[in-house]
Amino acid sequence: MPSGGSSEPVHWSLSSAECTGNAAARQAAESPATPILGRMDAVEVGLQARVRMAHATLGSLATEHRLDLLHVKGPALDPALTGEGERSSSDADVLIRPGHVDRLVSLLVAHHWRLVTGFARGSAFEHAANYRHPHWGYADLHRSFPGLTVPAADAFDALWADRATTRIAHVECAVPSLLDQGLLLLLHAARDGRSTRAQHDVRRAWEEQPASARSALRERADGLGAEVALAAALGELGRHADDRTAALWRYYSEGGSRLDELRARVRAAPTPRAKLRVAADGLRVNPEYVAMAIGHEPSVAELAQARRERRRNALGDVRDLVRSRLRGRTR
């Protein structure tokens, strides 16, 4: 989710049920009772309730239009992985079958979801697009899941074949199996550095699991090409030092400078052309992120200022790297 998203409650009128995209809700909004409901005072809907409603909305759209959609993280997680209480979340995370992405995007636009960050600029993995609805808040639409290196369609087939269901806001939603939820939680923890949440997730999904479950997780990771990402979550990246993606996972799991990130992304790129594109992108300013940081569409002057800051920060990273290497030589 964009870091600039508001977590304050919003006011939601009951007559706005038509925005869910659910046929039953639309019918209710057009029923004779609507004038009465329309006169009722609006009620506050907190962040976690909105996240659940966003999941339910997306699940209803997927069911109505026969799209394959898996709900991941947040309220979609099995209690066995979250511990006491429901895991809080700032947006609704869903994984769509790659062949269904375009259809779902068209439906989102038709139902008042606005694009915030596209796939190409969402992350180094280009795996998700972020949308915002005026009532339900943010949703991350994943076309792949970082860490799974088999083709995205094959990864989805494997996850979909073992799927389960859970009720979110009274809507039946498809979710990965408990085993796959644990694996995806660990892969996400690998990108979350050393945060308290990442440590909790590793503890629940790995350390507190019996040996048989850990063995099954490793086997599943191997089958989905997730060995390196899982190693990052478990502090075992040393076993994969020669893998071209190891430096990138080390950056995400252990931290580093923006220069460290750029070098790792270049190394992880699969082809010379991709490496050149990554290097060029690393010097550009992302207008979408600037907009999220300042809370409005950036002006030409604000984009120019962001570019100056990007160059200044890049030069600072290079200077720090040179100083670090010079100190190492004098020891």
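Basis for what follows: all heavy atoms, side chains included, without hydrogens, waters or symmetry-related copies.
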Q) For W160, which fellow cluster members are found when Ile, Leu, Val, Met, Phe, Trp and Tyr are connected by side-chain heavy-atom distances below 4.5 angstrom, either directly or through intermediates? A) L70, V72, L95, F145, L148, V150, F156, L159, L179, L183, L184, L186, L187, V202, W206, L217, L224, L230, L234

(Q) side-chain contact (heavy atoms from CB on, under 4.5 Å), that's the test. Do L69 and L104 meet it? Break it down for me. (A) CA-CA 9 Å; L69 187 76; L104 181 55; 3.9 Å; yes

Which atoms form the tightest heavy-atom contact between [X] and [Y], and what is the distance?
| X | Y | value |
| --- | --- | --- |
| A92 | A54 | CB-CB, 3.7 Å |
| A152 | S144 | CB-CB, 4.0 Å |
| A232 | L237 | CA-CG, 3.7 Å |
| H71 | V175 | O-CG1, 3.6 Å |
| A124 | R265 | CB-NE, 3.4 Å |
| A76 | Q181 | O-OE1, 3.7 Å |

**Q.** Cluster overlap W113 with I96, hydrophobic side-chain contacts below 4.5 Å
**A.** yes

Q. Are V266 and L248 in one and the same hydrophobic cluster, where Ile, Leu, Val, Met, Phe, Trp and Tyr link if side-chain heavy atoms are under 4.5 Å apart?
A. no

Please check this pair: side chain of [X] against backbone of [Y], looking for a donor-acceptor N/O pair closer than 3.5 Å.
| X | Y | value |
| --- | --- | --- |
| S215 | A211 | no |
| K275 | A269 | yes |
| H133 | H111 | yes |
| D260 | S257 | yes |
| S195 | D192 | yes |

So how far is it from [X] [atom1] to [Y] [atom2], rounded to the nearest 0.5 Å?
| X | Y | atom1 | atom2 | result |
| --- | --- | --- | --- | --- |
| E207 | Q199 | CD | CD | 9.0 Å |
| S89 | K73 | OG | NZ | 7.5 Å |
| M53 | H170 | CE | NE2 | 9.0 Å |
| D222 | E227 | CG | CD | 4.5 Å |
| R143 | F119 | CZ | CZ | 5.5 Å |
| R50 | Q48 | CZ | CD | 9.5 Å |

Q. Checking side-chain contact (heavy atoms from CB on, under 4.5 Å) for the pair L141/V105: CA distance, chi angles, key distance, verdict?
A. CA-CA 9 Å; L141 173 60; V105 165; 3.8 Å; yes

Q. What residue pairs, at least two apart or across chains, pass ring pair (Phe, Tyr, Trp, His ring centres under 6.0 Å) with a residue in residues 238-279?
A. F125-W249, F125-Y252

Sequence neighbours left out, what passes side chain to side chain donor-acceptor pair (under 3.5 Å) with [X]? Give chain and number order.
| X | result |
| --- | --- |
| S253 | none |
| H142 | none |
| E208 | R204 |
| R203 | none |

For [X], salt bridge (Lys or Arg N to Asp or Glu O under 4.0 Å) partners two or more places apart:
| X | value |
| --- | --- |
| R97 | D68, D157 |
| R214 | none |
| R103 | none |
| R167 | E172 |

Q: Apply side-chain contact (heavy atoms from CB on, under 4.5 Å) to D91 and N130, showing your working.
A: CA-CA 9 Å; D91 55 10; N130 187 264; 4.1 Å; yes

Could you check whether any side-chain heavy atom of [X] comes within less than 4.5 Å of a side-chain heavy atom of [Y], counting everything from C-beta outward?
| X | Y | answer |
| --- | --- | --- |
| S177 | R163 | no |
| L77 | T166 | no |
| P75 | V51 | yes |

**Q.** Sequence neighbours excluded - salt bridge (Lys or Arg N to Asp or Glu O under 4.0 Å) pairs with any residue from residues 240-252
**A.** R250-E254

**Q.** Contact list for residues 173-183, test salt bridge (Lys or Arg N to Asp or Glu O under 4.0 Å), sequence neighbours left out
**A.** D180-R220

**Q.** Y131 six-ring face occupied by R114 cation (under 6.0 Å, within 45°)
**A.** no

Q: Start with the C-alpha gap between L81 and L178, add the side-chain angles, then the distance that decides, and say whether side-chain contact (heavy atoms from CB on, under 4.5 Å) holds.
A: CA-CA 8 Å; L81 294 171; L178 180 58; 3.9 Å; yes

